[in-house]
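Encoded as structure tokens, the structure appears first; notes follow it.
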2 protein chains.
Amino acid sequence: MALAQDYDQQDCPVARALELVGERWTMLIIRDCFLGVSRFNDFLDHLDIPKATLSSRLAKLVDSGVLRREEYRTGQSNYLLTKQGEALWPILYGLAAWGEAYHAPRRGPRRIFSHVNCTTVLDSSGSCPTCKIVPPASDVVIQPGPGAIPNFRHDAVERALQKPHRFLTKLQNSEPTPTPTARRRA
Amino acid sequence: MALAQDYDQQDCPVARALELVGERWTMLIIRDCFLGVSRFNDFLDHLDIPKATLSSRLAKLVDSGVLRREEYRTGQSNYLLTKQGEALWPILYGLAAWGEAYHAPRRGPRRIFSHVNCTTVLDSSGSCPTCKIVPPASDVVIQPGPGAIPNFRHDAVERALQKPHRFLTKLQNSEPTPTPTARRRA
DNA sequence: GAAGATAGGTCTTGTCAATGAACCTGTCAT
DNA sequence: ATGACAGGTTCATTGACAAGACCTATCTTC
């Protein structure tokens with residue numbers, strides 16, 4: 001029996017949702033998508049996930065319409081959230097808020113989410129206290145909070161997140177994806 | 001390596017939350033708690049989960065403060081949500097709403113959630129359109145929707161849920177917990 | 001007070017998915 | 001042609017999950 005698949009005996013929307021996003025790693029992959037990660041090797045570096053597992057999860061997510069895959073002639077490919085994938089934002093924010101509230105060392109939040117329009121920090125339900133709305137993920141900015149451990153990870157994705165970063169926009173990790181002549185480094 | 005434990009390499013509240021509630025079955029156990037299920041055998045009947053797995057999950061949830069266990073001299077025990085556990089409601093509702101929106105057969109919702117004060121059906125973000133608030137789980141009533149399959153399951157819990165039922169209140173499944181003389185049936 | 005039912009588990013064994021390492025393929029740059 | 005990079009696949013090992021047998025305590029009934 002698959003791990004988080006086939007809660008066959010349950011006629012319940014929660015069970016159906018969990019069949020897709022309830023497997024180990026899946027929500028962290030989706031979190032990274034919101035952060036702007038889109039390339040196979042970036043997921044790999046940022047998550048410390050086995051390649052085969054990542055490959056299988058991405059395939060399943062594409063298959064079920066949570067992600068779509070853009071492939072380029074260079075051999076590169078991008079995994080991007082679909083509308084359905086973006087609709088997972090409230091769940092992800094809920095997990096973050098709950099984890100921060102009940103299971104974090106007491107040094108303040110490690111990530112701060114704010115509304116791009118007014119720079120107000122979101123409340124525990126993901127709503128902007130100033131604008132009185134729940135901003136869509138695309139209008140959210142993430143930045144390190146006081147509880148963040150300064151150099152906990154050393155991958156390119158984490159470095160890019162040291163500065164405030166708008167959700168769903170591509171991270172400028174190392175080099176800005178190779179253009180014909182821009183490749184002079186080693 | 002445990003299955004949804006130790007995302008060690010992630011300093012992230014989402015990862016911490018998933019270490020606790022991201023394992024297979026865990027969110028469905030918590031869902032049942034919101035429905036009013038509190039006894040070992042009721043979880044067993046309603047979830048079709050292996051005993052050992054249920055036992056291990058309940059222990060972990062009690063251990064981490066999501067549930068508390070009340071034990072009676074009769075040998076019975078109740079598993080109840082703590083405040084921390086009740087704080088998982090937005091996540092659970094999010095999963096239900098997402099599952100219903102994107103991964104349900106098109107027959108309308110199988111469960112309908114409404115606000116106990118005004119009987120208004122909650123919107124996709126769990127908010128009551130009449131009262132303009134997000135009701136706490138204890139003020140939510142669940143009932144079968146048009147998409148529910150009439151007799152999909154035959155356990156006592158499901159039978160009790162055929163009628164509208166208020167969250168976090170004990171289900172009247174079979175007999176109302178054995179009192180000294182009330183035991184005449186077989 | 002023995003026999004059976006009920007509640008709430010533990011133990012044992014087999015299976016199947018996750019892991020980690022090695023290998024493969026197609027571009028690009030030199 | 002040679003090497004580096006991106007994006008994978010294949011394969012052997014391990015460990016969590018599943019299923020069912022077994023255990024213990026309490027209560028009920030005779």
Side-chain angles (χ1 to χ4, degrees), chain A residues 1-9 18-19 22-26 28-29 37-60 62 67 69-79 156-157 173-186, chain B residues 1-9 19 22-26 28-29 37-60 62 67 69-79 156 173-186:
Chain A
M1 179 179 288
L3 196 63
Q5 297 169 28
D6 77 15
Y7 293 107
D8 285 345
Q9 300 314 311
L18 289 173
E19 285 178 13
E23 285 180 306
R24 178 155 157 76
W25 292 115
T26 300
L28 291 183
I29 292 171
V37 175
S38 66
R39 282 158 53 179
F40 193 89
N41 283 327
D42 286 341
F43 288 111
L44 219 51
D45 289 349
H46 192 224
L47 290 171
D48 289 321
I49 181 179
K51 278 185 156 188
T53 308
L54 176 60
S55 182
S56 140
R57 292 294 187 277
L58 288 172
K60 187 170 177 184
V62 169
L67 300 182
R69 174 181 166 156
E70 279 184 355
E71 198 160 358
Y72 302 122
R73 50 237 156 291
T74 65
Q76 292 189 339
S77 56
N78 270 7
Y79 292 92
V157 173
N173 15 17
S174 41
E175 314 281 302
T177 351
T179 52
T181 52
R183 268 306 184 86
R184 194 134 329 150
R185 148 175 72 154
Chain B
M1 181 181 286
L3 197 63
Q5 298 169 26
D6 78 13
Y7 294 107
D8 285 347
Q9 300 313 309
E19 286 178 11
E23 285 180 307
R24 178 154 157 77
W25 293 115
T26 299
L28 291 183
I29 292 171
V37 176
S38 67
R39 282 158 54 179
F40 193 90
N41 284 326
D42 286 341
F43 288 111
L44 219 51
D45 289 348
H46 193 224
L47 291 171
D48 289 319
I49 180 179
K51 278 185 157 191
T53 306
L54 176 60
S55 181
S56 139
R57 293 294 187 277
L58 288 173
K60 187 170 178 183
V62 168
L67 301 181
R69 174 181 165 156
E70 277 184 358
E71 198 160 357
Y72 302 122
R73 50 235 157 294
T74 65
Q76 292 189 341
S77 54
N78 269 8
Y79 293 90
N173 15 15
S174 42
E175 314 281 301
T177 352
T179 51
T181 53
R183 269 310 183 80
R184 195 135 326 153
R185 150 173 69 153

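Please read all numbers here as calculations on a predicted model, not as lab measurements. Each chain gets a letter, A, B and so on, in the order its sequence line appears, and its residues count up from 1.
- A:Tyr79 comes within contact range of the sugar-phosphate backbone alone, with a heavy-atom separation under 4.0 Å but no base atom that close.
- Atom P of nucleotide D:dA19 and atom CG of B:Asp48 are separated by 9 Å, given to the nearest angstrom.
- Taking only side-chain atoms of A:Asn41, from C-beta outward, the nucleotide of C:dA18, D:dG7, C:dC28 with the closest atom is D:dG7.
- One distance of note links CG of A:Asn41 with NZ of A:Lys51; it measures 6.5 Å at 0.5 Å rounding.
- For B:Ala52, whose side chain is taken as the heavy atoms from C-beta onward, the closest listed nucleotide among C:dG9, D:dC17, C:dC11 is C:dC11.
- Rounded to the nearest 0.5 Å, atoms CG (A:Leu18) and CH2 (B:Trp25) are 10.5 Å apart.
- Between the CZ atom in A:Arg39 and the CG atom in A:Asp45 there is a gap of 10.0 Å [rounded to 0.5 Å].
- In this structure, A:Leu58 atom CG and D:dA6 atom C1' are separated by 14 Å, rounded to whole Å.
- In terms of position along DNA chain C, the nucleotide closest to B:Arg69 lies nearer the 5' end than the nucleotide closest to the other residue of the pair B:Arg69 and A:Thr53.
- Atom CZ of B:Phe40 is separated from atom CG of B:Leu54 by 4.5 Å, given to the nearest 0.5 angstrom.
- As rounded to whole Å, 7 Å separates atom P of C:dT19 from atom CH2 of A:Trp25.
- In this structure, B:Asp42 atom CG and C:dT6 atom P are separated by 14 Å, rounded to whole Å.
- Residue B:Arg57 places at least one side-chain N or O closer than 4.0 Å to OP1 or OP2 of D:dC17.
- Applying the 4.0 Å criterion to OP1 and OP2 of C:dT10, one finds that B:Ser55 has a side-chain N or O inside that range.
- Backbone-only engagement by B:Ser77 is indicated by non-hydrogen atom pairs under 4.0 Å involving sugar-phosphate atoms exclusively.
- Nearest-nucleotide positions on DNA chain C place B:Asn78 closer to the 5' end than the other of B:Asn78 and A:Lys51.
- Atom-to-atom, CZ of B:Phe40 to P of D:dA25 comes out at 17 Å; the value is rounded to the nearest Å.
- Computed from coordinates, the B:Leu28 CG to D:dC17 P distance equals 14 Å when rounded to whole Å.
- The distance between atom OH of B:Tyr72 and atom C1' of C:dG9, rounded to the nearest whole Å, is 18 Å.
- Between the P atom of C:dG8 and the CD atom of B:Gln76 lies a distance of 6 Å, rounded to the nearest Å.
- Put simply, CG on B:Asn78 and CG on B:Leu67 are 11.0 Å apart, with the number rounded to the nearest 0.5 Å.
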